Number of protein chains: 2
Amino acid sequence: MFQKKGPIDRFNLGRQLTRDANASVSDILARTSSAPPRTAIRIAMTGPPGTGKSTLINNLCRRHLEAGYRVGVLAVDPTSPFTSGAILGDRVRMENVCEHENFFIRSLATRGAHNGLADNTPELLMTMDCHEFDEVIVETVGVGQIECAVRDLVDTTVLVLNPACGDYIQAMKAWVLEAADIIVVNKADLPGAEKLRVALQSVIRVRQHPAQAWIAPVIKVSHEAGGGVAELDRLLSEHLQWRRSRLDPLERRRARRAYHLTTLVARRVSETIGRMSPEQLDAGLAEAFANLVDALR
Amino acid sequence: MFQKKGPIDRFNLGRQLTRDANASVSDILARTSSAPPRTAIRIAMTGPPGTGKSTLINNLCRRHLEAGYRVGVLAVDPTSPFTSGAILGDRVRMENVCEHENFFIRSLATRGAHNGLADNTPELLMTMDCHEFDEVIVETVGVGQIECAVRDLVDTTVLVLNPACGDYIQAMKAWVLEAADIIVVNKADLPGAEKLRVALQSVIRVRQHPAQAWIAPVIKVSHEAGGGVAELDRLLSEHLQWRRSRLDPLERRRARRAYHLTTLVARRVSETIGRMSPEQLDAGLAEAFANLVDALR
């Protein structure tokens with residue numbers, strides 16, 4: 001993992017990511033190259049807007065860059081300082097790490113991803129693997145859909161909350177918590193952090209099946225007080241080791257493939273419906289369904 | 001609309017809604033009855049958790065019940081007091097209207113709707129039409145996906161925000177605003193309400209195309225101060241009139257059909273992938289895609 005690598009080929013990497021982001025379903029299906037061997041550990045950082053994911057990622061990346069890793073970030077969070085999706089949002093900058101020679105970040109428009117699925121994240125992650133990254137962090141946001149979707153693509157999912165997002169926590173369905181491998185109570189200097197940590201911990205303990213073996217730890221991180229990032233780092237390694245010892249890589253690959261196929265069909269459906277004639281659409285439901293399915297190939 | 005109707009057949013309506021909610025894709029495609037004529041005006045109330053949608057719906061329903069309408073609510077909001085999805089949430093009650101003979105409410109598990117689509121909302125709305133409702137309000141929550149999805153099924157989409165949900169507004173993509181026909185700044189007694197109203201109004205004015213003709217009004221509603229619900233009511237009627245004069249009903253029906261087909265295929269894909277053999281999944285991407293599509297019928 002620490003062998004000497006050449007510099008990141010930023011020009012070609014950037015161009016390939018743009019090509020991936022714009023690729024149609026047919027483009028993707030026509031690619032003859034098979035998936036490159038997985039090189040990068042993939043971590044998803046997810047949670048509602050404003051919980052401090054960017055700062056957390058910044059601090060984590062800095063540690064890993066100092067340790068000699070090549071680190072990439074794919075930011076699909078519309079509130080991310082790197083993404084232009086925010087309407088009334090301020091922009092800040094990840095100044096600490098952006099200039100590092102082993103760091104690469106790309107923000108992604110979620111253009112087609114209204115349903116939380118129709119995007120080319122699998123292709124983008126494969127492209128990162130072609131460029132010898134040791135770690136890729138996917139930053140994402142949502143009230144559940146996206147967290148759940150991204151889970152099949154990554155090794156570890158970190159859910160980032162903070163004491164100020166009580167409304168989100170109320171809205172959160174159980175499976176959001178269940179999708180998380182590690183839960184961070186961020187901005188732990190805010191009042192209510194310990195109370196939130198204890199509440200989450202108790203929900204996890206009750207809900208998670210004992211046979212599942214990995215019980216998501218809930219930790220507090222405070223960038224003001226400076227604590228918690230080292231512990232997060234330790235837990236990430238621990239979870240990765242646990243995964244390697246427990247999970248069937250073939251089964252994981254199939255889950256990723258299932259996710260990939262689902263997104264491709266969803267996009268193809270949307271393209272196909274756009275081309276269906278009014279008569280085909282107006283037919284009886286079963287007939288219209290058959291018309292659509294026949295046209296998907 | 002005000003002709004005398006018999007009492008709501010709560011037993012059969014409830015049973016049919018349960019049947020709809022649990023129906024598989026094959027069940028739905030096998031139904032021979034065609035869609036009933038649309039009777040109910042359909043309104044979506046959407047927005048992030050904790051903005052006071054339930055109170056707003058309560059107040060709106062009370063007005064309409066007093067005016068003699070038969071009103072139904074389908075609550076797909078996991079934070080709704082009627083839904084059991086909340087993890088740490090308190091339950092409150094819509095006491096004002098729940099006992100009314102012309103009122104019916106059903107909370108919906110979003111079980112299969114991780115992608116914001118895979119649910120049977122079209123069937124549930126059709127069933128409401130079979131029971132002579134004059135108005136059906138769909139209460140929903142999300143950071144965009146669901147708002148956008150529900151839009152094709154309803155006549156009017158009301159986006160409910162409040163001055164406390166700044167994080168949400170920062171995360172909100174432009175198309176969330178564009179999907180709204182009316183925007184409510186709720187809890188307008190909170191500080192910052194007027195500032196939020198003005199900010200939203202200016203974004204709408206800039207973004208919306210003049211030829212689109214309907215420019216979503218932004219209004220303040222305060223249940224403390226008691227103002228705004230009558231204005232919301234007036235705007236709902238105005239928007240409905242505008243729709244009737246401008247929009248092609250055939251085109252709308254096709255948009256609903258397209259949405260319906262998309263959700264059905266998404267569910268069928270998920271069922272089909274579960275039945276695919278490891279060999280079928282492990283094939284090259286294009287081949288696995290073809291295998292999947294062939295198996296959808």
Side-chain angles (χ1 to χ4, degrees), chain A residues 28-31 34 48-50 77-79 85-89 110 114-117 141-145 148-149 165-175 177 199 203 250 253-254 257-258 260-262 264-266 269-270 273 278 281-282 284-286 288-290 292-294 296-297, chain B residues 28-31 34 48-50 77-79 85-89 110 114-117 141-145 148-149 165-175 177 199 203 250 253-254 257-258 260-262 264-266 269-270 273 278 281-282 284-286 288-290 292-294 296-297:
Chain A
I28 292 166
L29 293 177
R31 288 182 182 182
S34 55
D77 176 351
T79 59
I87 290 177
L88 305 171
T110 49
H114 291 188
N115 62 2
L117 281 178
V141 77
V143 192
Q145 294 89 346
C148 207
C165 55
D167 286 342
Y168 175 85
I169 293 161
Q170 286 204 5
M172 198 164 58
K173 306 284 269 186
W175 48 264
L177 277 184
V203 175
L250 203 64
R253 213 179 65 204
R254 284 182 193 140
R257 171 54 71 83
H260 200 169
L261 290 172
T262 305
L264 291 173
V265 175
V269 165
S270 140
I273 283 184
L281 274 177
D282 286 339
L285 187 63
F289 183 89
L292 171 59
V293 167
D294 284 344
L296 289 181
R297 287 205 68 165
Chain B
I28 292 166
L29 293 177
R31 288 184 181 179
S34 55
D77 177 351
T79 59
I87 289 177
L88 305 172
T110 50
H114 291 188
N115 62 2
L117 280 178
V141 75
V143 191
Q145 293 89 345
C148 207
C165 55
D167 286 341
Y168 174 85
I169 293 162
Q170 286 204 6
M172 199 164 58
K173 306 283 270 188
W175 49 263
L177 277 184
V203 175
L250 203 63
R253 214 181 62 205
R254 284 183 192 138
R257 172 51 72 85
H260 200 170
L261 290 172
T262 304
L264 291 173
V265 174
V269 165
S270 139
I273 283 184
L281 274 177
D282 287 338
L285 187 63
F289 183 88
L292 171 58
V293 166
D294 284 344
L296 289 181
R297 287 206 68 165

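Throughout, a chain's letter reflects where its sequence line sits, starting with A, and its residues are numbered from 1. Atom set for the values below is all heavy atoms of this structure, side chains included, hydrogens, waters and symmetry mates excluded. The shown structure was predicted, so the numbers you read here are calculated from the model rather than taken from an experiment.
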A.B. asks: Identify which part of A:V269 has an atom lying under 4.5 Å from any heavy atom of chain B, answering side chain, backbone, both or neither.
C.D. replies: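 For A:V269, the contact with chain B is made by the side chain alone.
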A.B. asks: Would you give the length of the straight line joining atom OG1 of B:T262 to atom CD1 of A:I273, rounded to the nearest 0.5 angstrom?
C.D. replies: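 One finds 3.5 Å between OG1 of B:T262 and CD1 of A:I273.
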A.B. asks: I need the residue from A:P278, A:A286, A:A258 with the largest number of non-hydrogen atom pairs under 4.5 Å to chain B.
C.D. replies: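 Option with the top pair count is A:P278.
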A.B. asks: With a 4.5 Å limit on heavy-atom distance, are the side chains of A:R253 and B:L281 in contact?
C.D. replies: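 No, too far: nothing below the 4.5 Å cut-off.
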A.B. asks: When you compare the side chain of A:L264 with that of B:L285, does any pair of heavy atoms fall below 4.5 Å?
C.D. replies: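 Yes - at least one pair of side-chain heavy atoms lies under 4.5 Å apart.
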A.B. asks: At a 4.5 Å cut-off on heavy atoms, which part of B:L296 comes close to chain A: side chain, backbone, both, or neither?
C.D. replies: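 Its backbone and side chain both get close to chain A.
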A.B. asks: Checking A:L292 against chain B: side chain, backbone, both or neither under 4.5 Å from a heavy atom?
C.D. replies: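 Side chain of A:L292 only, per the 4.5 Å heavy-atom cut-off to chain B.
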A.B. asks: Taking all heavy atoms of B:D282 and all of A:R254, pick out the closest pair and write down the distance.
C.D. replies: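 Closest approach of B:D282 to A:R254: OD2-NH2, 2.8 Å.
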A.B. asks: I'd like to check B:D294 versus A:R297 (side-chain heavy atoms, cut-off strictly below 4.5 Å). Are they in contact?
C.D. replies: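 Yes, their side chains come closer than 4.5 Å.
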